[in-house]
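Here the structure is laid out as structure tokens; the discussion comes afterwards.
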Amino acid sequence: MSNYANQQTGVVPAVCSLDCPDQCGLLIHKAESKIIKIEGDPAHPVTQGAICNKVRHLADRIYDPKRLQYPLKRVGAKGEGLFERISWEEAVETITDRWKSLIAGYGAEAILPYSFYGNMGRIGTEGLDRRFFYRMGASRLQYTICQAAGSEGYNYTMGANLGTDPEDTVHAKLIIMWGINAVSTNMHQVMLAEQARKRGAKVVAIDVHRNQTGRWADWFIPILPGTDAALALGLMHILFAENMVDEAFLSAYTVGHEELREHVKAYDPDKVSAITGVPADDIYRLARMYGQTSPSFLRIGNGIQHHDNGGMCVRTIACLPALTGAWLTKGGGAIKGNSGYLEHNAAALQRPDLLKAPTRRINMNRIGSALLELDPPIRSLYVYNSNPAVVAPHAGKVKRGLEREDLFTVVHDLFLTETAMYADIVLPATSSLENKDFFKSYWHHYVHLQEPVIEPYGESKSNVEVFRLLAEAMGFEEEALRQSDDELIRQALDYPANPRLKGVTLERLTEERFVKAEVKPLFPGRLPTPSGKIELYSAAMARKGYPPLPTYTPLSEGEELPFWFIPAPNHNFLNSTFAHNDKHVRMERTPKLHMHAADASRLGIVNGELVRVSNGRGECELTAAVGEDVLPGVVVSQGLWAGKAGAKALVNALTPDRVADMGGGATFFSGKVQVERLGRAGD
Ligand SMILES: Nc1nc2c(c(=O)[nH]1)N[C@H]1C(S)=C(S)[C@@H](COP(=O)(O)OP(=O)(O)OC[C@H]3O[C@@H](n4cnc5c(=O)[nH]c(N)nc54)[C@H](O)[C@@H]3O)O[C@H]1N2
Ligand SMILES: Nc1nc2c(c(=O)[nH]1)N[C@H]1C(S)=C(S)[C@@H](COP(=O)(O)OP(=O)(O)OC[C@H]3O[C@@H](n4cnc5c(=O)[nH]c(N)nc54)[C@H](O)[C@@H]3O)O[C@H]1N2
Ligand code: SF4
Ligand SMILES: [Mo]
């Protein structure tokens with residue numbers, strides 16, 4: 001335990017552990033051994049002392065009376081929420097006895113771990129846990145729920161998640177927020193854009209919803225869901241037609257520009273306008289702005305890739321900076337994600353070599369179907385760092401899966417989440433401020449160290465500690481399952497294959513708290529694509545059966561129901577995290593459905609009244625927010641509501657569990673719904 005946890009009063013350093021690109025430096029104020037205040041660390045070069053409202057109130061979550069303190073065993077029916085306190089010994093023995101007998105009877109593939117990034121600490125999310133399940137030979141989860149489609153798409157164009165250094169974006173003169181609600185989800189990109197704006201930059205937002213970010217932008221462009229690739233191709237059409245491309249850059253650093261030049265002739269602005277709902281004049285205006293302003297910077301969000309065609313859409317948008325050569329100017333280019341720069345030694349940390357023979361892989365977006373339909377069945381589910389009952393698509397199926405009497409479910413979390421309600425055994429988790437881990441941003445270029453700043457809450461334990469206990473009780477004797485937190489961190493950071501991490505050591509992190517990786521500009525240079533260049537034409541895609549050039553394909557749900565439904569994240573929760581905490585729920589007020597006034601009046605719906613949103617997968621009740629913030633035919637909700645407030649607002653009851661065109665990604669935003677008035681006022 002570090003001195004910080006023992007320290008009763010004073011201010012101690014920390015890092016935000018949430019799945020948010022900003023990864024802020026924090027200062028934790030303590031009195032009588034407890035956290036009394038959380039603020040941003042002004043010494044952090046990117047986040048500069050500013051933090052979001054959610055984390056300013058994080059102490060309310062850490063000390064929430066509803067937080068789990070002891071292991072529990074279920075005494076009621078699944079989902080009923082009746083549990084009894086048990087000891088850690090009993091919990092570990094119950095789990096491992098059951099697993100031993102499942103392994104003896106059916107083999108270890110009957111067991112499935114399910115996790116995501118509720119805490120971005122690497123040894124806790126992809127360290128001892130991975131080693132444990134590899135050693136066991138469990139079924140393997142594919143981590144596809146967040147950015148899988150977009151990453152694969154971006155990589156076809158650029159080779160890896162490599163983009164602009166966000167610190168340089170203060171120099172940009174045009175900033176396009178494309179499918180990202182950055183005011184809520186990447187606030188420091190907004191702060192940097194504000195600095196750029198003071199120097200004369202213009203900010204454009206392209207989104208299906210004029211939300212916080214659309215209202216902040218200089219120019220908001222509403223677009224129909226899933227049509228962004230068509231818009232990008234229309235922009236390329238004009239850039240080539242009006243000679244606004246950088247021929248020297250195209251020749252030196254791209255492959256396929258001649259094919260692309262021919263290909264985009266088909267995407268004339270009138271045709272693109274009919275697809276996207278963006279007037280042709282606006283397409284010309286945007287293309288000319290993009291073609292004539294330097295440096296220009298695209299911030300590509302997650303929204304556009306949570307669609308049937310999301311991979312190709314991101315691949316297409318990622319081609320734009322190559323046309324203008326924007327990459328060559330400081331602050332120009334694009335960020336989809338920057339995780340490629342900070343790649344650590346995943347093989348050393350996760351130890352896939354502990355898996356003796358390959359086991360089946362299960363796409364986490366299909367968890368409902370996997371629990372209901374797989375043969376041989378999954379007989380035990382171990383959930384940590386995630387809340388699939390709320391966050392996974394097609395929630396009705398997930399619920400039916402979790403209800404299975406013969407499924408032995410263990411949930412390790414800080415709260416009795418909706419998923420934990422179905423668990424046989426619930427284990428209490430420490431918060432990130434109670435354990436040690438290292439963190440890497442997927443937006444800026446810093447690596448951070450977190451040391452415990454408070455004692456573990458009640459009897460809670462970290463992920464790493466729990467897997468050490470489970471390994472011992474399973475009789476797994478490998479040294480790799482007994483190593484200390486420090487050993488795990490050292491092994492992960494020791495990665496000569498990524499020279500940018502040279503000098504980022506545990507010692508230096510202990511001393512300095514955060515260290516910037518040595519990142520050089522991408523150009524001049526060789527990209528990790530097969531050709532070493534930006535692949536406007538991708539032979540690799542052709543081999544896999546994709547169109548090798550950027551292409552628009554429509555979403556697949558068809559015409560049956562009247563509205564596209566976009567259930568996006570909200571400002572005061574982080575996915576379903578904070579949805580169980582009263583203060584954050586109060587700040588967010590009520591789950592709403594944004595709809596266009598013309599649609600509302602046709603359906604006789606007035607602002608503030610409760611509506612039923614439904615489709616063949618399920619239904620939920622939301623409060624209508626009527627106006628002009630979305631286009632006709634589109635409805636948008638915000639937030640993964642959970643707990644009491646979320647009982648009828650489970651938006652994932654409606655979302656499809658189809659997988660996207662690439663990476664097995666999620667298609668949360670490609671569903672259709674109908675909307676009816678309920679004849680009651682909302683809350
Ligand atoms: N406050 C807050 N911050 C968060 C999160 C949170 O829940 N709350 N979640 C975190 C996580 S895990 C992630 S992955 C990121 C996600 O954050 P973002 O990258 O911002 O992605 P989303 O919020 O999923 O979607 C962004 C925007 O895409 C829009 N959109 C949807 N479909 C389309 C489309 O077809 N075209 C266009 N142009 N726009 C579209 C939505 O209206 C939304 O405004 O945020 C992280 N930060
Ligand atoms: N409709 C719709 N659905 C979505 C999205 C959307 O935009 N719309 N976004 C999707 C995206 S991008 C993502 S990334 C996923 C995110 O989905 P999840 O990863 O499930 O995110 P959270 O809901 O924040 O749940 C994280 C859980 O981990 C727990 N936790 C935190 N720290 C620890 C720890 O150290 N140990 C353990 N054991 N548990 C811990 C938290 O208490 C919380 O219950 O949701 C997806 N679902
Ligand atoms: S959630 Fe994001 S913005 Fe808020 S403190 Fe954490 S890293 Fe910073
Ligand atoms: Mo995410």
Side-chain angles (χ1 to χ4, degrees), residues 17-22 52-54 61 67 114-121 124-125 129 145-147 150 177-187 205-214 221-228 231 276 299-307 309-310 313 364-365 383-388 390-393 395 411-415 417-420 427-432 434-435 437 460-463 466 555 564 566-580 630 634 636-640 642 650-652 654-655 666 668-671:
S17 67
L18 294 173
D19 186 352
C20 168
D22 301 49
C52 66
N53 212 25
K54 318 182 270 302
R61 176 172 156 87
R67 197 168 150 192
Y114 185 103
S115 69
F116 209 63
Y117 289 92
N119 171 350
M120 293 286 293
T125 50
D129 52 330
I145 205 166
C146 180
Q147 43 66 40
M177 298 285 182
W178 202 325
I180 183 167
N181 185 8
V183 168
S184 296
T185 64
N186 189 192
M187 63 171 275
I206 305 172
D207 203 295
V208 300
H209 180 203
R210 195 164 69 96
N211 52 27
Q212 294 86 336
T213 305
I221 302 177
I223 188 166
L224 288 168
T227 67
D228 301 77
L231 178 60
T276 58
R299 181 69 176 95
I300 306 173
N302 233 34
I304 41 180
Q305 57 95 60
H306 274 156
H307 279 293
N309 57 13
C313 179
M364 68 191 296
N365 293 320
V383 180
Y384 59 108
N385 283 337
S386 187
N387 184 13
V390 175
V391 308
V411 175
H412 183 206
D413 204 297
L414 288 80
F415 287 89
T417 60
E418 293 59 30
T419 313
L427 304 173
T430 45
S431 74
S432 65
E434 293 153 48
N435 45 59
D437 213 324
S460 62
K461 292 188 190 297
S462 73
N463 298 346
V466 172
L555 302 183
W564 292 109
I566 315 292
N570 67 5
H571 192 75
N572 291 298
F573 306 163
L574 199 125
N575 302 318
S576 78
T577 298
F578 298 117
H580 304 94
V630 295
V634 178
V636 175
S637 68
Q638 289 190 316
L640 298 178
L650 181 60
V651 289
N652 277 324
L654 299 161
T655 52
F668 290 111
F669 301 159
S670 288

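Every number for a ligand or one of its atoms is a count from 1 in the order of the listing. Every heavy atom of this structure was used, including side-chain atoms; hydrogens, water molecules and symmetry mates were not.
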Counting non-hydrogen protein atoms only, what is the nearest one to [atom]? Give residue, atom name and distance.
{"atom": "atom 21 (O) of ligand 2", "answer": "Asn575 CB, 3.7 Å"}
{"atom": "atom 5 (C) of ligand 1", "answer": "Leu574 CG, 3.8 Å"}
{"atom": "atom 15 (C) of ligand 1", "answer": "Thr185 CB, 4.4 Å"}
{"atom": "atom 10 (C) of ligand 2", "answer": "Phe668 CE1, 3.7 Å"}
{"atom": "atom 35 (O) of ligand 2", "answer": "Asn119 ND2, 3.0 Å"}

Checklist line | Heavy-atom nearest neighbour of atom 17 (O) of ligand 2 within options Val391, Val383, Thr419, Asn385 | finding: Val391
Next item on the list: Counting heavy atoms only, name the option from Lys461, Glu434, His412 that's nearest to atom 38 (N) of ligand 2.
Entry: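 Heavy atom nearest to atom 38 (N) of ligand 2 belongs to His412.
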Checklist line | Contact with ligand 1 for Gln147, non-hydrogen, under 4.0 angstrom | finding: no
Check: Going by heavy atoms, is Val636 under 4.0 Å from ligand 1?
Finding: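 It does not, in that no heavy atom of Val636 comes within the 4.0 Å cut-off of ligand 1.
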Is it the side chain, the backbone, both or neither of [X] that has a heavy atom closer than 4.0 Å to ligand 2?
{"X": "Arg61", "result": "side chain"}
{"X": "Asn652", "result": "side chain"}
{"X": "Cys146", "result": "both"}

Mark up the atoms of ligand 2 that fall under 4.0 Å of a heavy atom belonging to [X], in ascending order.
{"X": "Phe669", "result": "7 (O), 8 (N)"}
{"X": "Thr417", "result": "44 (O)"}
{"X": "Tyr384", "result": "38 (N)"}

Check: Hey, would you say the His306 and Phe668 ring centroids sit under 6.0 Å apart?
Finding: yes
Next item on the list: Could you say whether the N/O atoms of Ser576 and ligand 2 ever approach to under 3.5 Å?
Entry: yes
Notebook entry, point to check: Polar-atom distance check: Phe415 versus ligand 2, any N or O pair below 3.5 Å?
Noted result: no
Item checked: Min N/O separation Asp207 to ligand 1 under 3.5 Å -> yes
Check: Got an N/O contact under 3.5 Å between Thr227 and ligand 1?
Finding: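 No; the residue has no nitrogen or oxygen that sits under 3.5 Å from a nitrogen or oxygen of the ligand.
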Notebook entry, point to check: With a 4.0 Å heavy-atom cut-off (strictly under), which part of Tyr117 contacts ligand 1: side chain, backbone, both or neither?
Noted result: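 For Tyr117, no heavy atom sits under 4.0 Å from ligand 1.
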Contact check, [X] vs ligand 2, heavy-atom distance below 4.0 Å:
{"X": "Arg67", "value": "no"}
{"X": "Thr430", "value": "yes"}
{"X": "Pro569", "value": "yes"}

Proximal atoms of ligand 1 relative to [X] (non-hydrogen, under 4.0 Å):
{"X": "Gly226", "answer": "34 (C), 35 (O)"}
{"X": "Phe573", "answer": "1 (N), 2 (C), 6 (C), 7 (O), 8 (N)"}
{"X": "Gly301", "answer": "19 (O)"}
{"X": "Pro225", "answer": "35 (O)"}

